[in-house]
Amino acid sequence: IYSNPITLENDPTRVIGVVIIIQDITEMRKLERMRKDFVANVSHELKTPLTSIKGFVETLKDGAGEDREIREKFLDIIEIEVGRLSSLIQDILLLSEIENKKNIQVKELINVNKSIDEVIQVMNEIAKKKDIEIINKVENKLPHIYGNNGWFKQMLINLIDNGIKYTPKQGKVIVEVYNNIQNLVVKIKDTGIGIEEKHLDRLFERFYRVDKARSRQVGGTGLGLAIVKHIVLSFNGTIEVKSEINKGTEFIIKIPIEDIEHEG
Ligand code: ADP
């Protein structure tokens with residue numbers, strides 16, 4: 001590597017050595033900081049519902065529970081907070097599973113059309129309750145892809161679920177999937193509230209939310225898009241997002257299909 005000392009003065013090997021060490025430490029520090037931030041965020045996110053549950057249980061025990069109406073109201077809140085904790089724990093476990101296994105997973109052949117149909121059927125029920133229409137623009141006879149089918153479906157669920165959560169009543173979530181020869185292209189588009197451009201870069205970070213209160217209110221854990229990003233990476237794919245305030249948001253995923261084509 002250092003066979004051509006002309007470009008460097010004096011002792012080239014030493015200079016290069018120093019540079020490499022500095023980069024290493026910077027990278028390690030960055031990873032360490034990210035890990036610490038994540039642990040701090042998780043602790044905070046877990047503590048919020050727990051503190052609330054603890055408070056309501058104590059108030060109930062102190063006598064508030066004697067009034068039937070108050071008791072019902074407090075128990076409803078406790079139930080919601082328990083649900084929140086449970087979703088959060090599920091998402092943390094899923095994210096860590098995907099991160100740990102994405103390079104060593106056993107890949108299966110995924111029947112893309114079948115998986116998408118199953119997801120749309122389930123999501124239709126959720127959309128109907130909010131008076132939102134899911135529009136199916138999925139091409140027939142899509143090629144099969146290799147990967148984890150459960151993760152592939154989870155990726156679609158998270159994106160369609162966000163579309164439903166951040167779209168007002170009577171809006172639409174459009175699911176468009178086609179094969180452009182090199183890639184399986186998945187587009188999930190909604191007619192919702194949209195996202196300001198300044199947030200788009202950070203959207204896939206863990207616990208990054210545009211509006212924390214709104215996300216909580218619609219039942220978000222703040223991990224949905226981080227999970228989507230890691231699933232897309234497990235398929236060697238790419239994801240991009242386009243959005244316009246009060247018009248809607250579109251997520252575009254491209255998963256390479258080149259070496260699967262001849263397998264049928
Ligand atoms: P959350 O559980 O909060 O929905 P996500 O990781 O799924 O977390 O999304 C991160 C944030 O990105 C959300 O809090 C929301 O502000 C924004 N967001 C995601 N999807 C959409 C969408 N389809 N329309 C508008 N905002 C969205």
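The structure presented is a predicted model; accordingly, all values stated were derived computationally and were not measured. One-based numbering, in listed order, for ligands and for the atoms of each. Values below: every heavy atom of this structure, side chains too, minus hydrogens, waters and symmetry copies.
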Please confirm whether the backbone N or O of Glu139 pairs with a side-chain atom of Asn113, one donor and one acceptor, at under 3.5 Å?
yes
Element-labelled atoms of ligand 1 that are located less than 4.0 Å from some non-hydrogen atom of Thr221
2 (O)
Test Ile98 against every option in Met155, Gln105, His230 by the side chain to side chain contact (heavy atoms under 4.5 Å, CB included) rule and name the one that passes.
His230
Answer yes if the side chains of Asn158 and Gln154 hold a donor-acceptor pair under 3.5 Å, and no otherwise.
yes
Should Gly224 be counted as touching ligand 1, given the test is an N or O pair under 3.5 Å?
yes
Below 3.5 Å, N or O to N or O, backbone or side chain included: is there any such pair between Leu203 and ligand 1?
no
Counting only heavy atoms not in Gln217, do more than 12 fall under 6.0 Å of its CD?
no
Among the heavy atoms of Arg214, does any lie under 4.0 Å from an atom of ligand 1?
no
So, the side chain of Ser52 versus the backbone of Thr48: is there a donor-acceptor pair under 3.5 Å, distance only?
no
Protein heavy-atom partner closest to atom 19 (C) of ligand 1 - residue, atom, separation in Å:
Asn162 ND2, 3.6 Å
Counting heavy atoms only, which part of His199 comes closer than 4.0 Å to ligand 1: side chain, backbone, both or neither?
neither
Neighbour count above 12 (heavy atom, 6.0 Å) for Glu108 CD:
yes
Once you restrict to heavy atoms under 4.0 Å, what part of Asp190 touches ligand 1? Side chain, backbone, both or neither.
side chain
Just to confirm my output: which protein heavy-atom neighbour is closest to atom 4 (O) of ligand 1, and how far is it?
Tyr166 OH, 2.7 Å
Return the orientation label for the Phe235 and Phe152 ring planes: parallel under 30°, perpendicular over 60°, tilted otherwise.
perpendicular
Counting from 1, what ligand 1 atoms have a heavy atom of Gly222 closer than 4.0 Å?
1 (P), 2 (O), 3 (O), 6 (O), 8 (O)
What protein heavy atom sits nearest atom 11 (C) of ligand 1, and how far off is it?
Tyr208 O, 3.7 Å
Is there a heavy atom of Gly192 sitting under 4.0 angstrom from any atom of ligand 1?
no
Can you check whether Gly194 has an N/O within less than 3.5 Å of an N/O in ligand 1?
no
Might you work through the salt bridge (Lys or Arg N to Asp or Glu O under 4.0 Å) test for Glu99 and Lys229, ending with a clear yes or no?
CA-CA 10 Å; Glu99 274 194 302; Lys229 184 185 96 180; over 6 Å; no
Give yes or no for whether the N/O distance cutoff of 3.5 Å, strictly under, is met between Ser215 and ligand 1.
yes
The closest protein heavy-atom partner of atom 6 (O) of ligand 1 is Leu225 N, 2.8 Å
Strictly below 4.0 Å, N to O, side chains only: are Glu69 and Lys73 in salt-bridge contact?
no
Among Val175, Ile174, Ile120, side chain to side chain contact (heavy atoms under 4.5 Å, CB included) partner for Asn136:
Ile120
Atom indices of ligand 1, in the order listed, that fall short of 4.0 Å to a heavy atom of Gly220:
1 (P), 2 (O)
Please indicate whether any nitrogen or oxygen in Ile195 is less than 3.5 Å from any nitrogen or oxygen in ligand 1.
no
Within the 4.0 Å heavy-atom cut-off, what Val210 brings close to ligand 1 is both
